[in-house]
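This is the structure I want to talk about, given as structure tokens.
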Amino acid sequence: MKHYDYIIIGFGKGGKTLAADLAAKGKNVAMVEQSAEMYGGTCINIACIPTKILIHHGKKEEDLKEDKQNFYRSSIEDKNKVTAALREKNYNNLADQETVMVYTAKASFISDKQVHLESETESLDLTADYFIINTGSQPNIPPITGLNETNHVYTSTELQQVSELPEELLIAGGGYIGLEFASMYANFGSNVTVIDSSTEFMPQEDRDIAEEIKKTLQAKNISFLQGCKLTAVSNHSDGIKAIVENEAGEKAEETASALLLATGRKPNTEGLNLNKAGVEIDNKGAVIVDDYLRTSQKHIWAIGDVNGGPQFTYISLDDYRIIRDQLISEGTYSLAYRKNVPYSVFLDPVLSHVGLNEKKAKEKNIDYVVASMPAANIPYTKINKQSTGLLKALVDPETKEILGCTLFCAESSEIINTVRLAMEAKLSYTALRDNIFTHPTMSEGLNDLFKKIDAKIS
Ligand SMILES: Cc1cc2nc3c(=O)[nH]c(=O)nc-3n(C[C@H](O)[C@H](O)[C@H](O)COP(=O)(O)OP(=O)(O)OC[C@H]3O[C@@H](n4cnc5c(N)ncnc54)[C@H](O)[C@@H]3O)c2cc1C
Ligand SMILES: NC(=O)c1ccc[n+]([C@@H]2O[C@H](COP(=O)([O-])OP(=O)(O)OC[C@H]3O[C@@H](n4cnc5c(N)ncnc54)[C@H](O)[C@@H]3O)[C@@H](O)[C@H]2O)c1
């Protein structure tokens, strides 16, 4: 039986980066990926990269989209071309290493030192000293009557494979995927309705930000059925019929050409036989880890979505840093040091956030001053013609440090990283107020946003 120093299960962001580092140190590594369509993991094949390619195409000028079906088809083709190239590059990055073997098979544990690999062509067992579980997450599908008998119902992965633009798209779920897809498909020319079980639109955001976003999405003709659950689906002429139930139990019918299920994602632990390895999971199926991402077995780590942390590619990468530190360096970096995790929701314009907003500051009883500014105040919006949006910043009136920032404006996914760096460095808000930014740019909006704090601080 072949023995490795490390077996990594799942070709995710953290695992593939770790595999390359371990190979550079001369370690023997087996990378096990269940699907030849998934070398490189979720991000490059079915998530961040392909969806952002489509979002980018969707934002192009209207005259290019005159034949919307044709335009959409060519956007899907472009997306497929890029992901295929990335997949190949990711495969070769590891397969070309002398001490790495890539196996295309589904892995499951036999014991805490042995895994079984199963594919259409091979069935074998491997042993290792150490294991990294990096199996990601999968769509969480709530119980919906008629799902298995109904056509034109898709997960985010499946919808990206359909090259026909749905005329009417129903989306169940008003979270990251639901809203990004709503904005994107509306830009491509679909009529979009979002069914969201949450009573509040974007409940985690401050109401002024959420209202600005909702107004912007409604201006794209996106409709919202807030506080409503999708409970049943059936075939209807060339599309689907959906039964939607509000909190009072009243039922309504919606019809559309297609339905996207964007109702959350759950850790991918089914079928791994973790009990045979003595690795514990929680009641949501996530692998239980300590601050160093060690599982209940000290020689087995879990990295990325599967450990139940925030589901972002950059968190999988930061998980990698924690494990790399233990394997290759002094092992001091841990979850305890991870603060101010930013996020960007790729709407049009993008919503980005880091740290506290007013809602969270109030919940935590934290003293703050706040300043806000319309995106239209930034001179660059006269050039990019993207004047929609609102910017907000919270500052600690005692220390003058930045507590948080929400940017709903063009290019906010770039700008937010500067704000986070200032927060991590514990700089005074005046550092951003007075920073020399190039001109004309969206970033220079930070000068004006933080200048507004002056008047709030005595
Ligand atoms: C539509 C969509 C858009 C997204 N957009 C963004 C974004 O813009 N920015 C962002 O930061 N995040 C985004 N995310 C989230 C991000 O994609 C994930 O958080 C990230 O890819 C998770 O990476 P990972 O390292 O946990 O594992 P993954 O990249 O998910 O890799 C897990 C791999 O394990 C394999 N696997 C599973 N079980 C087994 C097994 N038993 N044996 C062998 N192999 C197995 C899977 O096939 C998969 O390739 C998005 C997600 C979705 C669905
Ligand atoms: N830009 C990004 O970084 C990005 C983009 C896409 C996805 N992601 C990641 O992927 C994860 C999964 O995204 P998601 O949007 O699927 O999950 P989510 O948890 O963000 O949102 C799920 C939504 O579904 C709703 N819902 C649940 N059951 C429902 C039902 N029966 N009917 C109607 N609504 C229902 C919930 O109220 C919630 O709003 C996110 O948590 C995020 O971390 C990140």
Side-chain angles (χ1 to χ4, degrees), residues 8-18 31-52 54-55 90 103-109 115-119 132-144 155-157 159-160 170-181 194-204 225-231 242 244-245 260-273 302-307 309-317 319-320 342-347 350-352 413:
I8 302 179
I9 305 175
F11 211 134
K13 179 69 179 179
K16 69 188 176 189
T17 315
L18 191 64
M31 165 60 80
V32 189
E33 169 52 52
Q34 64 186 358
S35 163
E37 296 300 309
M38 288 294 283
Y39 300 133
T42 299
C43 169
I44 65 151
N45 289 295
I46 55 169
C48 329
I49 302 291
T51 59
K52 272 75 225 180
L54 293 176
I55 286 170
N90 270 262
Y103 291 92
T104 308
K106 198 170 170 74
S108 58
F109 282 92
V115 285
H116 177 69
L117 270 51
E118 189 69 44
S119 74
I132 314 286
I133 303 167
N134 186 202
T135 49
S137 59
Q138 57 175 301
N140 178 42
I141 311 291
I144 295 167
T155 63
S156 60
T157 305
L159 190 56
Q160 290 172 56
L170 267 181
I171 299 179
Y176 279 79
I177 296 178
L179 294 182
E180 283 190 0
F181 275 64
V194 177
I195 307 161
D196 190 14
S197 57
S198 166
T199 39
E200 263 190 334
F201 174 72
M202 301 193 95
Q204 72 283 10
L225 300 173
Q226 211 64 50
C228 288
K229 264 194 179 148
L230 171 73
T231 55
V244 175
E245 202 171 313
L260 167 67
L261 295 173
T263 44
R265 290 176 66 85
K266 59 179 181 189
N268 231 339
T269 47
E270 282 164 24
L272 275 175
N273 283 343
I303 187 170
D305 287 6
V306 75
N307 69 26
Q311 296 177 343
F312 300 116
T313 295
Y314 45 91
I315 291 301
S316 180
L317 186 65
D319 282 358
Y320 142 81
Y343 58 79
S344 289
V345 190
F346 290 84
L347 308 173
V350 184
L351 167 74
S352 300
S413 46

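Only a predicted model underlies this, so the values are computations on that prediction, with no experimental measurement involved. Counting convention: from 1, in listed order, for ligands and their atoms alike.
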Can you check whether Gly14's main-chain N or O pairs, donor with acceptor, with Ser316's side chain at less than 3.5 Å?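 Side chain of Ser316 to backbone of Gly14, a donor-acceptor pair under 3.5 Å: yes, one is there.
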For ligand 2, the portion of Ser344 having any non-hydrogen atom under 4.0 Å away: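 The answer is the backbone of Ser344.
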Could you state the interatomic distance from CZ (Phe312) to CG (Asp319), rounded to the nearest 0.5 Å?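 Rounded to the nearest 0.5 Å, the CZ-CG separation comes to 12.5 Å.
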For the NZ atom on Lys229, are there more than 12 heavy atoms of other groups (residues, nucleotides or ligands in this structure) within a distance under 6.0 Å?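 No, because the 6.0 Å sphere around NZ of Lys229 holds 12 heavy atoms or fewer from other groups.
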Compute whether any side-chain donor of one residue and acceptor of the other, for Tyr39 and Thr104, lie under 3.5 angstrom apart.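 Indeed, the side chains of Tyr39 and Thr104 share at least one donor-acceptor pair under 3.5 Å.
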Quick one: look up the protein heavy atom nearest atom 20 (C) of ligand 1 and list residue, atom name and how far away it is.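 Going atom by atom, the protein heavy atom closest to atom 20 (C) of ligand 1 ends up being Thr313 OG1, 3.7 Å.
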Distance under 4.0 Å to a non-hydrogen atom of Val32: what atoms of ligand 1 satisfy this?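 Checking each atom against Val32, I get 43 (C), 44 (N).
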Is there a donor-acceptor contact under 3.5 Å from the side chain of Ser108 to the main chain of Asn273?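 Judged by distance alone, no pair lies under 3.5 Å.
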Distance in Å, Leu261 CG paired with Ile195 CD1, rounded so as to fall on 0.5 Å steps: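 So the CG of Leu261 and the CD1 of Ile195 are separated by 9.0 Å.
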If we ignore hydrogens and angles and just use 3.5 Å, is the side chain of Ser198 paired with the main-chain N or O of Glu200 as donor and acceptor?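 Confirmed, Ser198 side chain pairs with Glu200 backbone.
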Nearest non-hydrogen contact with atom 40 (C) of ligand 1 belongs to which option: Ala107, Ser156, Ser316?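 Among Ala107, Ser156, Ser316, the closest heavy atom to atom 40 (C) of ligand 1 belongs to Ala107.
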How far is atom 19 (O) of ligand 1 from the closest protein heavy atom, and which atom is that?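 Going by distance alone, atom 19 (O) of ligand 1 is nearest to Asp305 OD1, 2.8 Å.
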Answer yes or no: is there a donor N or O on one side and an acceptor on the other, between the side chain of Gln138 and the main chain of Asn268, under 3.5 Å?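 Flag not set: sc Gln138 to bb Asn268 has no pair under 3.5 Å.
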Full working for side-chain contact (heavy atoms from CB on, under 4.5 Å) between Asn90 and Glu33: CA-CA 12 Å; Asn90 270 262; Glu33 169 52 52; over 6 Å; no
Looking only at protein heavy atoms, which one is nearest to atom 26 (N) of ligand 2, and how far off is it?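 The answer is Ser197 OG, 3.2 Å.
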In the protein, what heavy atom is nearest to atom 24 (O) of ligand 2, and what distance, to one decimal place, separates them?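 Among all protein heavy atoms, the one nearest atom 24 (O) of ligand 2 is Gly173 CA, 3.3 Å.
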Look at atom 29 (C) of ligand 2 and say which protein heavy atom is nearest, naming residue and atom and giving the distance to 0.1 Å.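 That would be Thr263 CG2, 3.5 Å.
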Residue Phe346 vicinity, atoms of ligand 2 by number, heavy atom under 4.0 Å: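 Those of ligand 2 that fall under 4.0 Å from Phe346 are 1 (N).
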Nearest-contact summary for atom 12 (C) of ligand 2 - protein heavy atom, Å: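 Of every protein heavy atom, Gln311 OE1, 3.7 Å lies nearest to atom 12 (C) of ligand 2.
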Which atoms of ligand 2 have any heavy atom of Ile195 under 4.0 Å away?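 Answer, ordered by atom number: 33 (C), 34 (N).
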Residue of the set Ile133, Asn134, Ile9 for which side-chain contact (heavy atoms from CB on, under 4.5 Å) holds with Val306: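 The residue from Ile133, Asn134, Ile9 that satisfies side-chain contact (heavy atoms from CB on, under 4.5 Å) with Val306 turns out to be Ile133.
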For atom 47 (O) of ligand 1, what's the nearest protein heavy atom and its distance?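 Going atom by atom, the protein heavy atom closest to atom 47 (O) of ligand 1 ends up being Glu33 OE2, 2.7 Å.
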Numbered atoms and elements of ligand 2 in range of Ser198, under 4.0 angstrom, heavy atoms: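 Listed by number with element: 37 (O).
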Numbering the atoms of ligand 2 from 1, which are under 4.0 Å from a heavy atom of Ala262?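 Checking each atom against Ala262, I get 15 (O), 16 (O), 22 (C), 23 (C), 24 (O).
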For Gln204, does the CD atom have more than 12 heavy-atom neighbours from other residues, nucleotides or ligands under 6.0 Å away?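 More than 12 within 6.0 Å, yes.
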For Lys52, take its heavy atoms, then give the atoms of ligand 1 lying under 4.0 Å from any of them.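 Once the distances to Lys52 are compared, the set is 5 (N), 6 (C), 7 (C), 8 (O).
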Against heavy atoms of Tyr314, which atoms of ligand 1 measure under 4.0 Å?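 Going through ligand 1 atom by atom, the ones under 4.0 Å from Tyr314 are 11 (O).
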In terms of residue, atom name and distance, what is the protein heavy atom nearest to atom 34 (O) of ligand 1?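 Answer for atom 34 (O) of ligand 1: Gly10 CA, 3.2 Å.
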Among protein heavy atoms, which lies nearest atom 44 (C) of ligand 2, and at what distance?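 That would be Tyr176 CD2, 3.5 Å.
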Quick one: nearest non-hydrogen protein atom to atom 28 (P) of ligand 1, plus distance?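 For this ligand atom, the closest protein heavy atom is Thr42 OG1, 3.3 Å.
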Give the atoms of ligand 2, by number and element, whose distance to some non-hydrogen atom of Cys228 is under 4.0 Å.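 What qualifies from ligand 2 is 33 (C).
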Please report which non-hydrogen protein atom sits nearest to atom 32 (C) of ligand 1, along with the residue it belongs to and the distance in Å to one decimal place.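 Sorting protein heavy atoms by distance from atom 32 (C) of ligand 1 puts Asn134 O, 3.1 Å first.
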Which ligand 2 atoms, with their elements, are less than 4.0 angstrom from a heavy-atom of Pro142?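 Every atom of ligand 2 under 4.0 Å from some heavy atom of Pro142: 31 (N).
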Atoms of ligand 1 less than 4.0 Å from Leu272 heavy atoms?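 Ligand 1 atoms under the 4.0 Å threshold to Leu272: 41 (N).
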Kindly identify the option in Gly175, Gly174, Pro143 whose heavy atom sits closest to atom 18 (P) of ligand 2.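 Of the listed residues, Gly175 has the closest heavy atom.
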Close approach of Ala105 to ligand 1, heavy atoms, under 4.0 angstrom: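 In this structure, Ala105 qualifies as a contact of ligand 1 - some heavy atom is under 4.0 Å.
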Atom pair CD1/CD1 of Ile132 and Ile303 - distance to nearest 0.5 Å: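 Output value for this atom pair is 6.5 Å.
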Below 4.0 angstrom from a heavy atom of Arg265, which ligand 1 atoms are there? Numbered from 1 as shown, please.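 Under 4.0 Å from Arg265, ligand 1 has these atoms: 53 (C).
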Quick one: does Asn140's side chain have a donor or acceptor within less than 3.5 Å of a partner on Lys266's backbone?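 Answer holds: no.
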Is there a donor-acceptor pair closer than 3.5 Å between any side-chain N or O of Ser352 and the backbone N or O of Ser413?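 A pair under 3.5 Å: yes.
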Could you check if a side-chain atom of Leu159 sits within less than 4.5 angstrom of a side-chain atom of Phe181, using non-hydrogen atoms only?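 They are in contact (side-chain heavy atoms under 4.5 Å apart), so the answer is yes.
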Min heavy-atom dist Tyr343 to ligand 2 below 4.0 Å: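 Under 4.0 Å: no for Tyr343.
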In the protein, which heavy atom is nearest to atom 43 (C) of ligand 1, and how far is it?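 Of every protein heavy atom, Gln34 N, 3.3 Å lies nearest to atom 43 (C) of ligand 1.
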Evaluating non-hydrogen atoms only, which member of Asp196, Leu179, Val194 is closest to atom 38 (C) of ligand 2?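 Nearest heavy atom to atom 38 (C) of ligand 2 lies in Asp196.
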I need the atoms of ligand 1 closer than 4.0 Å to a non-hydrogen atom of Lys106, numbered in the order shown.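 With Lys106 as reference, the close atoms of ligand 1 come out as 41 (N), 42 (N).
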List the closest protein heavy-atom neighbour of atom 19 (O) of ligand 2: residue, atom name, distance to the nearest 0.1 Å.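 Answer for atom 19 (O) of ligand 2: Gly264 CA, 4.1 Å.
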For ligand 1, which atoms have a heavy atom of Gly12 less than 4.0 angstrom away?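 The atoms of ligand 1 under 4.0 Å from a heavy atom of Gly12 are 25 (O), 27 (O), 28 (P), 29 (O), 31 (O).
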Which of the atoms of ligand 1 are close to Lys13, meaning less than 4.0 Å from one of its heavy atoms?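 So the answer, numbered in order with elements, is 25 (O).
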Which is it for Phe11 and ligand 1 at heavy atoms under 4.0 Å: side chain, backbone, both or neither?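 Under 4.0 Å from ligand 1, Phe11 contributes backbone atoms alone.
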Among all protein heavy atoms in this structure, tell me which lies nearest to atom 32 (N) of ligand 2, with the distance rounded to 0.1 Å.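 Of every protein heavy atom, Leu230 N, 3.2 Å lies nearest to atom 32 (N) of ligand 2.
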Can you tell me how far apart CD1 (Ile177) and OG1 (Thr155) are? Round to the nearest 0.5 Å.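 One gets 9.0 Å once the value is rounded to the nearest 0.5 Å.
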Side-chain donor-acceptor pair under 3.5 Å between Gln311 and Asp305, yes or no?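 The answer is no; no qualifying pair exists.
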Note the single closest protein heavy atom to atom 15 (O) of ligand 2, along with its residue, its atom name and the distance in Å.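 For this ligand atom, the closest protein heavy atom is Ile177 N, 2.8 Å.
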What atoms in ligand 2 come closer than 4.0 Å to a heavy atom of Glu180?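 Here the atoms of ligand 2 in question are 1 (N), 2 (C), 5 (C), 6 (C).
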Would you indicate which of Cys48, Gly304, Ala262 comes nearest to atom 4 (C) of ligand 1 when only heavy atoms are counted?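 The option holding the nearest heavy atom is Cys48.
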Atom 50 (C) of ligand 1 [closest protein heavy-atom partner, distance rounded to 0.1 Å]: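 In this structure, atom 50 (C) of ligand 1 has Ala47 CB, 3.6 Å as its nearest protein heavy atom.
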Under 4.0 angstrom from ligand 2, any heavy atom of Ser156?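 The answer is no, since Ser156 has no heavy atom less than 4.0 Å from ligand 2.
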Between OH of Tyr176 and OG of Ser156, what distance do you get to the nearest 0.5 Å?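 Here the interatomic distance stands at 15.0 Å.
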